[in-house]
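Taking it in order: structure first as structure tokens, then the write-up.
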Amino acid sequence: MAQIKVHDKNFIPYLSAAEIDTQVQRVADEINRDYSNKKPLFIAILNGAFIFAADLFKKIDVEAEICFIKLASYKGIKSTGKVITAIGLDAEIYGRDVIIVEDIVDTGKTLSQFLPQLEHQHPASLKITSLLHKPEAMIHPIKIDYLGFTIPNKFVLGYGLDYDGLGRNIKEIYQLV
Ligand code: IMP
């Protein structure tokens, strides 16, 4: 794997497809163990999580459902700043064992705004799985229950993650030079 250029920026190989697969399998093993007598509902957050969600879900061997949502932020009427809404969340949350599937938790802002909305619907339990986590970038602390990799505070792309729309189809994860 050599250096690649996406738009105007150069990226170097960071996590290989094999390394990613190993950690996705480990995360799936942990979830399979913890949910052995449950029927979890996975809620994958588009766009970035679509590849991780698909690969993870294939490795889940308990009865499970999955749905895909998009989070959109808009300015509320009040002066409280941005409000996050979930588009496509038609599944019944009440009483379900919910697992949120994220590609990366960076500042934690997105999830810190979205989680209270889900809790409001009284799931039986609410856990988070994320492929990547940048602890140095975290502003809003989020507990990640099932984590693939802890990474430094550098921009990454590939395996579902994009730089300005490109790079999602790359099988490995690359890091900004
Ligand atoms: P947060 O709200 O700051 O935690 O941001 C989470 C979202 O920002 C992720 O779901 C990604 O879509 C995007 N993001 C954060 N860091 C990166 C990165 O290094 N590469 C690509 N997307 C990123």
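Order of listing sets the numbers, starting from 1, for every ligand and every atom in it. These values consider heavy atoms only, across backbone and side chains, with no hydrogens, waters or symmetry-generated copies. Keep in mind the model is a prediction, meaning the values are calculated, not measured.
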Query raised in the report: Taking the six-membered ring for Trp, is the centroid-to-centroid distance between Tyr163 and His7 below 6.0 Å?
Result: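 Under 6.0 Å, so yes.
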Going by the atom numbers of ligand 1, which of them fall below 4.0 Å from some non-hydrogen atom of [X]?
X      : answer
Glu102 : 10 (O)
Asp162 : 21 (C)
Asp103 : 9 (C), 10 (O), 11 (C), 12 (O)
Thr110 : 1 (P), 2 (O), 5 (O), 6 (C)
Phe155 : 18 (C), 19 (O), 20 (N), 21 (C)

Requested in this report: Identify, for atom 3 (O) of ligand 1, the protein heavy atom at the shortest distance, and state residue, atom and that distance.
Outcome: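 The answer is Thr107 OG1, 2.4 Å.
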**Report entry** atom 8 (O) of ligand 1 touched by protein heavy atom at under 4.0 Å
**Finding:**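 Flag for atom 8 (O) of ligand 1 set to false, no protein heavy atom closer than 4.0 Å.
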Requested in this report: Please state which part of Leu161 comes within less than 4.0 Å of ligand 1, counting heavy atoms only: side chain, backbone, both or neither.
Outcome: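 Side chain only.
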**Report entry** Polar side-chain atom of Asp21 near backbone of Ala17 as donor-acceptor pair, under 3.5 Å
**Finding:**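 Absent.
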Query raised in the report: Is a donor on one side and an acceptor on the other found under 3.5 Å between the side chain of Gln23 and the backbone of Leu147?
Result: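 No; zero donor-acceptor contacts below 3.5 Å.
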Query raised in the report: Where does the angle between the aromatic ring planes of Tyr159 and Phe52 fall among parallel (under 30°), tilted (30 to 60°) and perpendicular (over 60°)?
Result: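 Ring orientation of Tyr159 relative to Phe52: tilted.
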Report task. Could you check whether the rings of Phe57 and Phe42 sit parallel, tilted or perpendicular, using 30° and 60° as the cut-offs? Result ->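 Geometry flag for Phe42 against Phe57: perpendicular rings.
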Query - Heavy-atom pair with the smallest gap, counting every atom of Leu176 and Lys9 - result: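 The pair with the smallest heavy-atom distance is CD1-CD, 3.4 Å.
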Query raised in the report: What are the two closest heavy atoms between Val62 and Ser36, and how far apart are they?
Result: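 The answer is CG1-CA, 3.9 Å.
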**Report entry** Whether Lys134 lies under 4.0 Å from ligand 1, heavy atom
**Finding:**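 Contact present.
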Query raised in the report: What do you reckon, does Gly48 put a non-hydrogen atom under 4.0 Å from ligand 1?
Result: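 No.
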Query raised in the report: Of the choices Leu132, Leu157, Val156, which has the non-hydrogen atom that lies closest to atom 21 (C) of ligand 1?
Result: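 Closest candidate by heavy-atom distance is Val156.
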Query raised in the report: Who gets closest to atom 14 (N) of ligand 1 by heavy atom: Ile45, Ile104, Asn47?
Result: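 Ranked by closest heavy atom to atom 14 (N) of ligand 1, first place is Ile104.
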Query - No-hydrogen, no-angle side-chain donor-acceptor test under 3.5 Å, Asp29 and Gln25 - result: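 On atom types as modelled, these side chains qualify, holding a pair under 3.5 Å.
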